[in-house]
Every structure is written in C-alpha cells, then in structure tokens.
Amino acid sequence: MELKLRPHHLLCTQSYSGTGYDDKFKAHMDEIVHRLRTEEHTPVTLVFSTDELCAACPNRLGGDCCKTNEKVQAFDRKTAECFRLEEKTYIYQDVVRKIREAATPEIMDYICGDCSWYPISACRERILGLCP
Ligand code: SF4
C-alpha cells in the first residue's frame, strides 16, 4: 500500500531508533519503519503537509497543521531543495539510497540543525553511514 510522507520524514524514517513523542506515536512509527526497512519497493508520495507519521503524533493540531509548523515546513523545504525532491511518487528504497549518496555533514546540519532530536539521536551518523 502506498504511503504519504512529507520530505523530511524520508530522513527521520532512516534514522529512527525507537524514541518518539509518546507510546502511540512510537508504536505507529515502529510499524511504518519496519515496513520501509523490510520491503523492497514501497511507493511513497511526497506531500508538503501532514502525512502518515503525523497521523499518530501528539503535535498534530488537525488538518494539515503541526504545533511546530514553521519549523517542520523548513525541514521539508530544505530536504526537497538539497535532494531535488518534488511532490510526486517515489520508491522509498530508491529515494533513500540517493539521499544517502548525496548527503554530507554540511547538508545534514543545514536541514536538521534546528531539530530537537538531532543532538540526541544518531540521525546524522546513520544517514552518513557512520554507524550501522
Ligand atoms: S512533529 Fe509535526 S511534522 Fe513531526 S510527526 Fe508530529 S505532526 Fe508531523
């Protein structure tokens, strides 16, 4: 089944290691990430609004709004800009491979520097292939 993901969640789903906002969010994230990491060809449609992961998030305010809208929209814009992504359907496993090939420490700092998870999780190391 096809998934809707916002651009910066292409990064979060690669680096997720089991921590999240609350139990409901984590259970949902576990399920989606497991699918994305075990399937070979998962179609994902990029959307610049709330997505499949936001659906179980306590920060979602309803509709297309997030409590930290300005911040997450900037993450989306920068992710799309750095990896030349458009609002269309990709195969998740192919697009994350291309992201990993193109990612640099500078790009990661530029996109994710303002994220509260960035200093405390291994996003940077995972996407840059510096840890398993
Ligand atoms: S914090 Fe905002 S962008 Fe992130 S999953 Fe929650 S609702 Fe979506």
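Predicted, not measured: the structure shown is a model, and the values here were computed from it. Computation of the quantities below employed the complete heavy-atom set of this structure, encompassing side-chain atoms and omitting hydrogens, waters and symmetry-equivalent molecules. Positions are given from 1, in the same order as the sequence printed here.
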Participant: Among Arg6, Arg60, His9, which residue satisfies the side-chain hydrogen bond (donor to acceptor under 3.5 Å, both in side chains) criterion with Asp51?
Facilitator: His9
Participant: Dump the intermediate steps for side-chain contact (heavy atoms from CB on, under 4.5 Å) on Leu61 and Lys67, then the final yes or no.
Facilitator: CA-CA 6 Å; Leu61 294 177; Lys67 267 186 201 164; 3.6 Å; yes
Participant: With ring pair (Phe, Tyr, Trp, His ring centres under 6.0 Å) as the criterion, how do Tyr21 and Trp117 come out once you've worked through the C-alpha distance, each side chain's angles and the decisive distance to 0.1 Å?
Facilitator: CA-CA 10 Å; Tyr21 301 111; Trp117 296 104; 5.5 Å; yes
Participant: Over all heavy atoms of both residues, which pair between Gln14 and Arg126 is shortest? Give the atoms and the distance, please.
Facilitator: O-CD, 4.1 Å
Participant: Please round to the nearest 0.5 Å and tell me the distance separating atom OG1 of Thr79 and atom NE2 of His8.
Facilitator: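 One gets 7.0 Å once the value is rounded to the nearest 0.5 Å.
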Participant: Any heavy-atom pair between the side chains of Thr13 and Leu53 that's under 4.5 Å?
Facilitator: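 Yes, close enough: below the 4.5 Å cut-off.
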Participant: Do Met29 and Tyr92 belong to the same hydrophobic cluster, where Ile, Leu, Val, Met, Phe, Trp and Tyr are linked whenever their side-chain heavy atoms lie under 4.5 Å apart, directly or via other members?
Facilitator: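 Yes, Met29 connects to Tyr92 through the hydrophobic network.
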Participant: Identify the two heavy atoms, one from Leu11 and one from Cys112, that lie closest to each other, and give their separation to 0.1 Å.
Facilitator: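 Taking Leu11 first and Cys112 second, the nearest heavy atoms are CD1-SG, 4.0 Å.
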Participant: Name the residue from Gln73, Lys71, Arg77 that meets the side chain to side chain contact (heavy atoms under 4.5 Å, CB included) definition with Phe75.
Facilitator: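 It is Lys71; the other options fail the test.
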Participant: Has Lys78 got its NZ or CZ under 6.0 Å from the middle of the six-membered ring of Tyr110, at an angle within 45 degrees of the ring axis?
Facilitator: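 Output yes; distance and angle both within limits.
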Participant: Measure across Ser15 and Cys123 and return the closest heavy-atom pair with its distance rounded to 0.1 Å.
Facilitator: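 Looking at all heavy atoms of both residues, the shortest contact is CB-CA, 3.3 Å.
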Participant: Pick from Arg37, Arg35, His41: which one makes a side-chain hydrogen bond (donor to acceptor under 3.5 Å, both in side chains) with Glu39?
Facilitator: Arg35
Participant: As an exercise, state the distance from CZ of Arg124 to OG1 of Thr104, rounded to the nearest 0.5 Å.
Facilitator: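 Reported to 0.5 Å precision, the distance equals 9.0 Å.
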Participant: Would Ile111 end up clustered with Leu128 when hydrophobic side chains under 4.5 Å apart are linked, directly or stepwise?
Facilitator: yes
Participant: So, Thr50 side chain and Gly63 main chain: donor-acceptor pair closer than 3.5 Å or not?
Facilitator: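 Checking the backbone N and O of Gly63 against the side chain of Thr50, a donor-acceptor pair under 3.5 Å is found.
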Participant: Should Leu46 and Leu10 be marked as a side-chain contact (heavy atoms from CB on, under 4.5 Å) after you check the CA-CA gap, both sets of side-chain angles, and the distance that decides it?
Facilitator: CA-CA 9 Å; Leu46 295 191; Leu10 291 173; 3.9 Å; yes
Participant: Roughly how far, to the nearest 0.5 Å, is CG of Asn69 from OG of Ser49?
Facilitator: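 One gets 9.5 Å once the value is rounded to the nearest 0.5 Å.
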Participant: Are Val44 and Phe48 co-members of a hydrophobic cluster defined by side-chain heavy atoms under 4.5 Å apart?
Facilitator: no
Participant: Determine whether Val72 and Val47 fall in the same hydrophobic cluster, where Ile, Leu, Val, Met, Phe, Trp and Tyr are linked whenever their side-chain heavy atoms lie under 4.5 Å apart.
Facilitator: no
Participant: Answer yes or no: does atom NZ of Lys26 have more than 12 heavy-atom neighbours from other residues, nucleotides or ligands under 6.0 Å?
Facilitator: yes
Participant: If every non-hydrogen atom of Tyr90 is compared with every non-hydrogen atom of Leu85, which pair is closest and at what distance?
Facilitator: OH-CA, 3.5 Å
Participant: How many angstroms lie between NE2 in His28 and SG in Cys54, if you round to the nearest 0.5 Å?
Facilitator: 9.0 Å
Participant: Can you tell me how far CD1 of Ile107 sits from CZ of Phe83, rounded to the nearest 0.5 angstrom?
Facilitator: 5.0 Å
Participant: Could you grab the distance from atom OG1 of Thr19 to atom CZ of Phe25, nearest 0.5 Å is fine?
Facilitator: 9.5 Å
